[in-house]
Amino acid sequence: MLGFISARQAGLDDPLRLRRAESTRRVLSLELNKDRDVERIHGSGINTLDIEPVEGRYMLSGGSDGVIVLYDLENLSRKPNYTCKALCSVGRSHPDAHKFSVETVQWYPHDTGMFTSSSFDKTLKIWDTNTLQPADVFQFEGTVYSHHMSPVATKHCLIAVGTKSPKVQLCDLKSGSCSHILQGHRQEVLAVSWSPRHEYILATASADSKVKLWDVRRASGCLTTLDQHNGEKSKASSEAVNTAHNGRVNGLCYTSDGLHLLTVGTDDRMRLWNSSTGENTLVNYGKVSNESRKGLKFSVSCGCSPEFAFVPCKSTIAVYTIFSGELITMLRGHYNTVDCCVFQPNFQSEDGVCLSLEQLRIITVRKNTPCSALK
């Protein structure tokens with residue numbers, strides 16, 4: 001690391017190489033933070049987390065009790081022992097609180113004045129952060145499993161919504177109504193994700209074992225259905241042609257550059273796909289335990305070399321190198337099932353925030369290394 005810093009100061013090396021090397025070192029040094037905690041507000045399991053992309057400071061959590069909490073992750077006191085405080089919450093007594101489990105929360109990608117939440121109560125709500133009042137509410141016929149707004153869209157304000165219906169709903173924030181639907185799945189849609197590279201490209205995963213890529217501008221919509229066998233039929237796999245997994249597909253996550261897509265299924269497999277060609281890259285991650293009957297929310301790193309995937313696995317978080325499939329480590333510290341995790345690459349002292357049924361826990365680097373050279 002000293003060699004990187006010296007070369008950076010002398011102008012002999014690209015500063016991005018230093019940042020990437022330091023980010024990678026920190027991921028490889030992750031462990032449970034014993035000095036930092038998160039205030040416990042939820043009374044039961046927590047299903048979803050999101051950290052706003054503007055400052056990387058504020059975090060939303062949604063629980064099976066229908067409660068939504070907004071946390072401040074920054075340690076303004078600079079004390080070594082610190083508890084991240086809840087700034088506000090939409091509790092059970094709130095007149096507009098969700099009636100059932102909150103499955104997904106997401107910040108508006110461009111500022112912290114708005115966030116969204118969806119629930120088993122068949123609603124998607126658009127919230128004003130300042131007043132904690134819903135600015136709009138979308139109603140659906142079935143349970144809502146997942147929703148997502150594009151992080152890069154400039155020409156549309158569509159929210160993709162996966163529900164118990166096989167139809168993918170697209171809700172338009174500008175008009176306040178469902179603009180159109182995407183038809184092609186045969187069972188409930190468990191996960192949806194917009195590409196971070198192309199604003200009109202959407203990936204959806206379903207209980208019908210299929211993952212579909214869509215261009216929402218096209219009349220037909222569907223670009224391709226991912227095939228785990230890459231179109232090569234055989235007697236052993238003929239029944240699985242044009243399926244991404246041999247079970248329910250309940251997790252999707254694009255790499256940060258949008259060039260690849262990771263999927264997880266109840267067949268205990270994770271697969272890496274070329275998002276342009278739809279090709280299965282055949283990276284072998286081994287058995288990736290997945291017992292979730294609904295969406296599984298996992299995360300990927302950003303700015304590392306190699307890049308990493310963080311996958312909830314029972315009471316641990318499994319860390320894999322994305323392009324080689326190697327299991328690097330298992331992050332331990334929870335006492336019950338881990339439902340979701342998020343990766344925060346910007347803080348100097350904490351690189352990840354992970355979550356279990358009992359409470360939030362901070363996973364951090366072992367030692368805080370001065371990073372003034374990264375600025």
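All values below were derived from every heavy atom in this structure, side-chain atoms included, with hydrogens, water molecules and symmetry-related copies excluded.
Under 3.5 Å, the side chains of T204 and H185 contain a donor-acceptor pair of N or O atoms. With hydrogens and angles left out, the side-chain atoms of S77 and N75 include a donor and acceptor closer than 3.5 Å. Inspection of the T112 and T129 side chains reveals no N or O donor paired with an N or O acceptor under 3.5 Å.
In this structure the side chain of F310 reaches within 4.5 angstrom of the side chain of V27, judged on heavy atoms. You'll find the side chain of I322 stays beyond 4.5 Å of the side chain of H260, heavy atoms only. Looking at T104 and K297, their side chains come closer than 4.5 Å, going by heavy atoms from C-beta outward. Side chains of S23 and F308 form no contact here, defined as non-hydrogen atoms less than 4.5 Å apart. With contacts defined as side-chain heavy-atom distances shorter than 4.5 Å, the pair I126/I159 qualifies. For the pair M114 and L173, the minimum side-chain heavy-atom distance is below 4.5 Å. Annotation: side chain of L331 is in contact with side chain of L30 (closest heavy-atom distance under 4.5 Å). C157 is listed as a side-chain neighbour of D172, based on a closest heavy-atom distance under 4.5 Å.
Linking Ile, Leu, Val, Met, Phe, Trp and Tyr residues whenever their side-chain heavy atoms come within less than 4.5 Å places F138 and Y108 in a single cluster. Cluster membership check: W107 shares its hydrophobic cluster with I68, using side-chain heavy-atom separations under 4.5 Å among Ile, Leu, Val, Met, Phe, Trp and Tyr. A single hydrophobic cluster is seen to contain both L223 and V249, as judged by linkage of ILVMFWY side chains at heavy-atom distances under 4.5 Å, directly or through other members. Cluster annotation: I201 and L158 are assigned to distinct hydrophobic clusters (Ile/Leu/Val/Met/Phe/Trp/Tyr, side-chain heavy-atom contacts under 4.5 Å, transitive). Two different hydrophobic clusters hold Y71 and L87 under the rule that ILVMFWY side chains link at heavy-atom gaps under 4.5 Å.
With hydrogens and angles ignored, the 3.5 Å screen pairs no side-chain donor or acceptor of R92 with any backbone N or O of A97. Although no hydrogens or angles enter the test, the distance criterion places no donor-acceptor pair under 3.5 Å between the side chain of D35 and the main chain of P80. Put simply, the side chain of N280 gets close to the backbone of Q228: a donor and an acceptor are under 3.5 Å apart. Checking side-chain atoms of D227 against main-chain N and O of N242 turns up a donor-acceptor pair under 3.5 Å. With hydrogens and angles disregarded, a donor-acceptor distance shorter than 3.5 Å links the side chain of H94 to the backbone of L132. The backbone N or O of W194 lies less than 3.5 Å from no partner atom in the side chain of S150, so there is not a single donor-acceptor pair. Under the 3.5 Å distance criterion, the side-chain polar atoms of N250 are left unmatched by any main-chain donor or acceptor of L190. Between the side chain of E199 and the backbone N or O of T154, at least one donor-acceptor pair lies under 3.5 Å. When atom types are taken as modelled, the side chain of S193 and the backbone of C253 share no donor-acceptor pair closer than 3.5 angstrom. R197 contributes a side-chain N or O that, together with a main-chain N or O of D257, makes up a donor-acceptor pair within less than 3.5 Å.
Residues P196 and G258 share a closest heavy-atom pair of CG-CA, 3.6 Å. L213 approaches S275 most closely through the heavy-atom pair CD1-O, 3.7 Å. The two residues K125 and D96 come nearest to each other via the heavy atoms NZ-O, 2.6 Å. Taking every heavy atom of both residues into account, E188 and S206 meet most closely at O-OG, 2.9 Å. R332 and T316 get closest at one heavy-atom pair: NH1-CG2, 3.4 Å.
The six-membered or imidazole ring of H98 lies away from that of F100, with a centre-to-centre distance of 6.0 Å or more.
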Practice task
Check the pair H245, R269 against side chain to side chain donor-acceptor pair (under 3.5 Å), reporting the backbone distance first and the verdict last.
Solution key: CA-CA 8 Å; H245 290 263; R269 290 291 181 266; over 6 Å; no
Exercise for the section: For E103 and S101, run side chain to side chain donor-acceptor pair (under 3.5 Å): C-alpha distance rounded to whole Å, both residues' side-chain angles, the deciding distance at 0.1 Å, then the answer. Expected result: CA-CA 6 Å; E103 292 301 302; S101 174; 2.6 Å; yes
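A distance of 8.0 Å separates NZ in K210 from OG1 in T243, rounded to the nearest 0.5 Å. Taking CG of D268 as the start and OH of Y285 as the end, the distance is 15.5 Å to the nearest 0.5 Å. D72 contributes atom CG, which lies 5.0 Å from atom OH of Y58 (distance to the nearest 0.5 angstrom). Atom-to-atom distance recorded for N33:CG and N81:CG is 9.0 Å, nearest 0.5 angstrom. Between the SG atom in C302 and the CZ atom in F343 there is a gap of 7.5 Å [rounded to 0.5 Å]. S276 OG to L261 CG: the interatomic distance, rounded to the nearest 0.5 Å, is 11.0 Å.
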Please set out all donor-acceptor pairs under 3.5 angstrom arising from side-chain atoms of residues 160-168, sequence neighbours excluded.
from	atom 1	to	atom 2	distance (Å)
T163	OG1	S165	N	3.1
S165	OG	K167	N	3.1

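A salt bridge links R20 with E307: the distance from a Lys NZ or Arg NE/NH1/NH2 to an Asp or Glu carboxylate oxygen falls below 4.0 Å. K212 has no carboxylate O lying under 4.0 Å from a charged side-chain N of D208, or vice versa, which leaves the two without a salt bridge.
Surrounding CD of Q139 are more than 12 heavy atoms belonging to other residues, nucleotides or ligands, all under 6.0 Å away.
By the side-chain hydrogen bond (donor to acceptor under 3.5 Å, both in side chains) test, E52 pairs with no residue at all, sequence neighbours left out.
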